[in-house]
Amino acid sequence: MKVIVDKRDRAGLFRDRMAQAMAEKGITQSGLARAAGVDRSTISQLLAGAGARLPNAQLVAECAAALAVSADWLLGLTERPERLAELLATSLTMTEAPRALIDETIFGWHQEAAGYKIRHVPATLPDMLKTRAMLRWEYEPQLGRTVDQAIGASEDRLAWMARSGSDYEMAVALHEIEAFARAESYYRGLPAEVRSGQIARLRDLYRQLYPGLRIYVFDARRVFSAPVTVFGPLLAVLYLGRHYIAFRDRVRVQGFAQHFDWLVREAGTGARDFPALLDRLAAEVGL
């Protein structure tokens, strides 16, 4: 519901915020007057005035520009003093997503969100749950001789993540797990012994970490999701392949969290039933 603010209150808020911005920027009344293109007496009257009078839109805009704040903030229409361009720069960023096990950007986001719930829709099986053999098969074409060193460093980071106090919820598409078990599509050529070892590791880790780790399986013919991770209330990250797009504004982070919760509600396999799904797939392909 829209809240109507009394003109006197808004005028008083404008004076308080302009004085605050001047103090933080270290600008005098004379300096602000020169920057805004008005007489010093005009600024003095704005700061000392009483009643419900507000300056015209042009003067508000000039003062806001000189003080590096938004006009909406000066007028009490928002609680964020940053201008729109600055808000966009801080609330949405795009960074490169290297094809590598050691991704310092992702690890930094996990550190920032330590203790919060992490919601994750992986692009493939989650790296943090993979065996060394699986990681070697997947990453050796890119990393070459350094793959073992990268795996060791990655395991150190993943061990920290396991101790971080965060709960992990993951939503994985059924066709992804089926393709892995059958060595189809992305997993074509994956040896049976690697798949068998990976399923055994998934069973063991799930038994150890549940309910701190919960995996839901959804049918992508009914619901769909791009790869995304929601780091508590702090940020949501969309994975494009070559880049990550990170959102930090509260409304969008909540939107991504609601999207993930929708996947969970629509999941055909709940968190308690994930081990049974692994057993069924292993039996079907003879692993």
Side-chain angles (χ1 to χ4, degrees), residues 80 82-114 116-130 134-144 146-147 149-158 160-162 164 166 168-177 179-180 185-188 190 215-216 218 220 223-264:
R80 297 291 299 267
E82 301 97 330
R83 290 174 291 189
L84 179 60
E86 294 167 342
L87 278 172
L88 289 174
T90 57
S91 66
L92 189 154
T93 58
M94 177 178 286
T95 57
E96 289 192 13
R99 178 63 174 167
L101 272 171
I102 306 171
D103 190 328
E104 297 297 343
T105 300
I106 285 285
F107 185 56
W109 287 331
H110 278 277
Q111 289 179 306
E112 184 180 351
Y116 288 113
K117 180 194 289 187
I118 310 295
R119 299 171 170 95
H120 182 43
V121 182
T124 63
L125 295 181
D127 278 351
M128 66 185 298
L129 304 180
K130 291 173 181 173
M134 181 75 189
L135 291 169
R136 185 175 294 107
W137 176 86
E138 191 168 7
Y139 286 98
E140 197 164 37
Q142 290 77 33
L143 300 180
T146 64
V147 65
Q149 180 180 358
I151 289 173
S154 175
E155 288 175 341
D156 290 341
R157 284 160 173 75
L158 295 178
W160 178 91
M161 288 160 59
S164 67
S166 295
Y168 283 85
E169 284 191 338
M170 299 181 183
V172 183
L174 176 61
H175 72 264
E176 188 72 29
I177 300 177
F180 156 73
S185 187
Y186 176 84
Y187 303 97
R188 187 176 302 277
L190 183 61
I215 298 179
Y216 302 84
F218 62 91
V223 295
F224 177 77
S225 179
V228 63
T229 305
V230 184
F231 294 88
L234 304 178
L235 75 156
V237 180
L238 187 65
Y239 176 59
L240 298 182
R242 289 186 60 194
H243 295 88
Y244 302 115
I245 299 181
F247 301 85
R248 287 189 176 273
D249 58 297
R250 179 178 56 84
V251 172
R252 287 180 175 81
V253 173
Q254 287 180 346
F256 279 101
Q258 290 168 1
H259 165 76
F260 185 94
D261 292 343
W262 169 69
L263 292 176
V264 169

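When a residue number appears, it is its place in the shown sequence, counting from 1. Source: prediction; values computed, not measured.
In this structure, Tyr186 and Trp137 have perpendicular ring planes: the angle between them is above 60°, well past the 30° mark. Using bins of under 30°, 30° to 60° and over 60° for the plane-to-plane angle, the ring pair Phe231/His110 lands in the perpendicular bin.
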For this session: Apply side chain to side chain contact (heavy atoms under 4.5 Å, CB included) to Leu190 and Met134, showing your working.
Result: CA-CA 8 Å; Leu190 183 61; Met134 181 75 189; 3.7 Å; yes

For this session: Dump the intermediate steps for side chain to side chain contact (heavy atoms under 4.5 Å, CB included) on Val230 and His259, then the final yes or no.
Result: CA-CA 10 Å; Val230 184; His259 165 76; over 6 Å; no

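Between the side chain of Lys117 and the backbone N or O of Glu169, no donor-acceptor pair lies under 3.5 Å.
For the pair Gly232 and Ile118, the tightest heavy-atom approach, listed with the atom from each and the gap, is N-CD1, 4.5 Å. Closest heavy-atom contact between Ser164 and Tyr168: OG-OH, 4.3 Å. Of all the heavy atoms in Ala236 and Val253, the pair that sits closest is N-CG2, 3.8 Å. Smallest separation of non-hydrogen atoms from Pro122 and Ala171: CD-O, 3.5 Å.
You'll find the side chain of Thr229 stays beyond 4.5 Å of the side chain of Trp109, heavy atoms only. Within the 4.5 Å cutoff, side-chain heavy atoms of Lys130 are placed close to those of Thr124. Between His120 and Met128 the shortest side-chain heavy-atom distance does not fall below 4.5 Å. Taking 4.5 Å as the limit, every side-chain heavy atom of Phe180 sits out of range of all side-chain heavy atoms of Val172. Looking at heavy atoms from C-beta onward, Asp127 lies in side-chain contact with Leu135 at the 4.5 angstrom threshold.
The CD atom of Glu112 sits 6.0 Å away from the CG atom of Leu235 when rounded to the nearest 0.5 Å. Rounded to the nearest 0.5 Å, atoms OG (Ser225) and CG (Leu238) are 8.5 Å apart. To the nearest 0.5 angstrom, Tyr239 atom OH is 12.5 Å from Ile245 atom CD1. Distance CE/Met170 to CG/Leu129: 4.5 Å, rounded to 0.5 Å.
In this structure, Gln111 has no side chain to side chain donor-acceptor pair (under 3.5 Å) partners at least two apart in sequence or on a different chain. Every residue two or more places apart in sequence or in another chain was checked for a side chain to side chain donor-acceptor pair (under 3.5 Å) with Tyr216, and none qualifies.
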